[in-house]
Amino acid sequence: MALTKKGVKLCKYGLNGSKKKLNVNFWRFIFNGIEKNTGAESTFFIEFQMINPWVSPAEVQLGFKPRVSITADDLQYALAGTKSALELKAESLVVPSYAVIRIGRVDDDPKQLCSYICLKDLKINSKKFEISIGNKSFSMDLLTGFVNLTEKEKQIHPEYLCDCGYATWNLKYEVVKEVLEGYSGKTESWFPCGLKTNLTGIVNFDGKDYLVEPRKSFGYMERFWGKTFPANWFHISSANLTSLISGKFLFDSTFAIQGDFEEKIAFCGTFEGTDIMFNADDPKHDTVFNCVQAPEADEDGNKLLHWSVSINSKIWVIDIDIFCKIKDLYNRNIEMPEGERKTLNVLQGAMGTGEIKLYKRAGLSLEQIEFAKIEHAFCEFGQLEEAEN
C-alpha cells in the first residue's frame, strides 16, 4: 500500500515554508540485509537529518569543529600576563547547522558512516516527500545514495562523529502498515509512519554486498521533529516475532516503542490484525520502562543490557523484556541542535532477544492473547552528555 495523503503530509513536514525553522527534522529507515556470499544477516539503518537549517544554509557548520577565537589583542594580553588573559578561550562555540546522511551496520561488528551536506544544496519537492542531493535521494518509495570517508579524513575531522568506510545503497520500499500517531507534544513529535515496511534492493557496505528482500527485510520507518532530541532516548522495534503458543512465525506482527517524552513512552503495534496504540501523552494508561545492566551474565559469560517495558490500561496489559549482549552494542554520539558541544550518547544494538506478553482484560481476569519470542530487536538507550568546561 502507498502512504495516505496524511502520511505523505507528515513525511514531508518541516521541509517547506516557516516549518523549516524546526531545530531537528529526522527520518530513519531500519531493515535487514543478507550478505551475498556467506548468508550472514545484518541490520542496517539509513537516516536523514536536518538541523537548524536557517542558521547557516550556505555552509556546513558543525558545532564540534574547532574555531579559534583569540584575536591579536588577546595575544598581547597573554604575552603581558594580564588577568584578562586567564579568561581567554581558545575556541568559540557555534550552533550547528547542516543536513547529514548516516548509514550504519548494526551486528557483531557495528559501525556508522556519515556524509554532511550544505543545506542550500538540497532539492526538495514541495508537493510530495522527495529530497535529493546529487545522486542521493529520499522519496516516497526509493532510497539511493553513497557515503565514502577515508581514515585520513576521519583523523582530520573528528567532529564528524562517525567511522571511516564506504557504502552505497539502492532500495525500493513499500509501507505495509502505516501509523500516524505516537507522540505529538509542544516541542517534539514522533510517529512510526512505516511501522511495517518492505524493502528490496542491495546495500554494499565496505565492499560486501547485502541483499535486501521484502519478506526478510523486517523494515521499519519513523519520523521525528522538534526543538531538540529527548535528553533520555529509549527505543525498541522489531518485526521478528514467533508465537510461543502456536510455534508459528507471526508474519503480520510488529511493534515500536519510543521515548522518553516527559518520562513517558509511546507504543505502536499490530499483532496478526489487532492494532494496539498508546500515545505517550495519553493519561489513560500507565507505563513503566527501564534499561539497566542485567544482574547476571548469560551462559557464555556475556554481560547483558536489559530493556523492560510494562503497559497497563483498561483494556490491555503488555509486558516486554529484551536483552542485548553489551559486547555487541555500538556507542554513537549525535550532536544536539542547541550546540554547546552537547551530544546524545546512544548505546545501540540490533541483536536483542526476549519476549512479549499480551493480555486483554475480561472483567476481573486477564485473557492471554499472545506470548511471543522476539529476535533481532533494534534497541537503543541514550542520555544527554554535556561537554566538559
Side-chain angles (χ1 to χ4, degrees), residues 3 6-30 45-63 95-104 112 114-133 136-140 142-143 145 161-162 173 175 179-194 197 220-231 233 235 256 258-259 261 266 280 332-339 342-344 346 380 382 384:
L3 286 168
K6 185 177 180 181
V8 173
K9 182 179 180 180
L10 289 173
C11 277
K12 67 187 186 70
Y13 183 86
L15 289 172
N16 300 292
S18 62
K19 300 301 182 183
K20 288 194 297 185
K21 292 183 179 180
L22 288 168
N23 293 37
V24 176
N25 214 339
F26 180 79
W27 296 256
R28 176 159 68 171
F29 295 80
I30 301 170
F45 66 83
I46 298 177
E47 300 172 347
F48 177 74
Q49 178 186 333
M50 294 169 60
I51 181 168
N52 299 325
W54 282 15
V55 173
S56 178
E59 179 186 2
V60 171
Q61 183 166 289
L62 289 94
V95 176
S97 178
Y98 51 79
V100 58
I101 293 173
R102 303 185 184 96
I103 179 170
Q112 72 161 345
C114 304
S115 177
Y116 290 87
I117 300 152
C118 182
L119 288 154
K120 72 175 180 61
D121 293 335
L122 297 179
K123 293 182 179 179
I124 298 171
N125 191 317
S126 61
K127 296 182 179 180
K128 57 182 179 179
F129 173 50
E130 186 174 277
I131 309 164
S132 61
I133 317 97
K136 303 180 181 73
S137 67
F138 289 75
S139 66
M140 297 291 299
L142 186 66
L143 303 173
L161 302 178
C162 69
Y173 73 91
V175 172
V179 175
L180 305 179
E181 54 186 302
Y183 178 72
S184 183
K186 293 181 180 179
T187 60
E188 55 199 359
S189 295
W190 168 84
F191 71 101
C193 47
T197 300
Y220 169 78
M221 174 187 178
E222 68 180 357
R223 281 281 283 116
F224 176 90
W225 64 80
K227 185 176 180 181
T228 187
F229 286 112
W233 185 268
H235 177 93
Q258 183 66 47
F261 304 111
R332 68 173 182 146
N333 288 284
I334 301 174
E335 187 172 16
M336 300 291 275
E338 53 265 41
K342 294 179 181 179
T343 61
L344 186 64
V346 180
E380 292 178 315
L384 176 66

Trainee: Kindly indicate whether a cation-pi arrangement holds for Arg223 with Phe29, taking the cut-offs as under 6.0 Å to the six-membered ring centre and within 45° of the axis.
Mentor: no

Trainee: Report the residue from Tyr183, Trp190, Trp27, Tyr13 that forms a ring-ring contact (aromatic ring centres under 6.0 Å, His included) with Trp225.
Mentor: Tyr13

Trainee: What pair of heavy atoms forms the shortest contact from Leu344 to Leu384, and how long is it?
Mentor: CD1-N, 4.2 Å

Trainee: Taking Ser97 for the side chain and Ser56 for the main chain, is one N or O donor matched with an acceptor at less than 3.5 Å?
Mentor: yes

Trainee: When you look at Val60 and Tyr98, which way does the side chain to side chain contact (heavy atoms under 4.5 Å, CB included) test go after all the steps?
Mentor: CA-CA 5 Å; Val60 171; Tyr98 51 79; 4.0 Å; yes

Trainee: Of the non-hydrogen atoms in Gly182 and Phe191, which two are nearest, and what is the gap between them?
Mentor: N-CB, 4.5 Å

Trainee: Once you round to the nearest 0.5 Å, how far does CD1 of Ile101 lie from OG of Ser137?
Mentor: 8.5 Å

Trainee: Do the side chains of Pro230 and Phe261 get nearer than 4.5 Å, heavy atoms only?
Mentor: yes

Trainee: What closest approach, in Å, do Ile51 and Leu119 show between heavy atoms, and which atom pair accounts for it?
Mentor: O-CD1, 4.4 Å

Trainee: If you take all heavy atoms of Gln61 and Val95, which pair is closest and at what distance?
Mentor: NE2-O, 2.7 Å

Trainee: Would you say the side-chain atoms of Glu335 pair up with the backbone N or O of Gly63, donor to acceptor, closer than 3.5 Å?
Mentor: yes

Trainee: To the nearest 0.5 angstrom, please state how far the CE atom of Met221 sits from the CD1 atom of Ile46.
Mentor: 12.0 Å

Trainee: So do Ile131 and Met50 actually touch side chain to side chain, heavy atoms under 4.5 Å?
Mentor: no

Trainee: Please confirm whether the backbone N or O of Pro96 pairs with a side-chain atom of Asn52, one donor and one acceptor, at under 3.5 Å?
Mentor: yes

Trainee: Rounded to the nearest 0.5 Å, what separation is found between the CZ atom of Arg102 and the SG atom of Cys162?
Mentor: 9.0 Å

Trainee: Kindly indicate whether the side chain of Val8, heavy atoms from C-beta on, has any atom under 4.5 Å from the side chain of Met140.
Mentor: yes

Trainee: To the nearest 0.5 Å, tell me how far Leu143 CG sits from Phe138 CZ.
Mentor: 6.0 Å

Trainee: With side chain to side chain contact (heavy atoms under 4.5 Å, CB included) as the criterion, how do Lys9 and Lys128 come out once you've worked through the C-alpha distance, each side chain's angles and the decisive distance to 0.1 Å?
Mentor: CA-CA 8 Å; Lys9 182 179 180 180; Lys128 57 182 179 179; over 6 Å; no

Trainee: Kindly compute the distance separating NZ (Lys342) from CG (Asn333), expressed to the nearest 0.5 Å.
Mentor: 15.0 Å

Trainee: Could you tell me which non-hydrogen atom of Pro337 sits nearest to which non-hydrogen atom of Lys227, and how far apart they are?
Mentor: CG-O, 3.5 Å

Trainee: Can you name the closest pair of heavy atoms from Ala99 and Leu122 and give their distance?
Mentor: CB-CD1, 4.1 Å

Trainee: Between Ile334 and Gln49, does a side chain to side chain contact (heavy atoms under 4.5 Å, CB included) hold up when you go through it step by step?
Mentor: CA-CA 11 Å; Ile334 301 174; Gln49 178 186 333; 4.1 Å; yes

Trainee: Is the closest basic N to carboxylate O distance between Lys6 and Glu181 below 4.0 Å?
Mentor: no

Trainee: Could you check Glu338 against Thr228 for side chain to side chain donor-acceptor pair (under 3.5 Å), going step by step and ending with a plain yes or no?
Mentor: CA-CA 7 Å; Glu338 53 265 41; Thr228 187; 2.8 Å; yes

Trainee: Evaluate the side-chain proximity of Val100 to Phe26: yes if any heavy-atom separation is below 4.5 Å, no if none is.
Mentor: no

Trainee: Between Phe224 and Phe229, how do the two ring planes meet: parallel, tilted or perpendicular, split at 30° and 60°?
Mentor: parallel

Trainee: Looking only at atom types and distance, does a side-chain atom of Gln112 sit under 3.5 Å from a main-chain N or O of Leu161, one as donor and one as acceptor?
Mentor: yes

Trainee: Would you sort out whether Glu47 and Glu222 count as a side chain to side chain contact (heavy atoms under 4.5 Å, CB included), showing the intermediate values?
Mentor: CA-CA 10 Å; Glu47 300 172 347; Glu222 68 180 357; over 6 Å; no

Trainee: To the nearest 0.5 Å, what is the distance between CG (Leu10) and OG (Ser184)?
Mentor: 9.0 Å

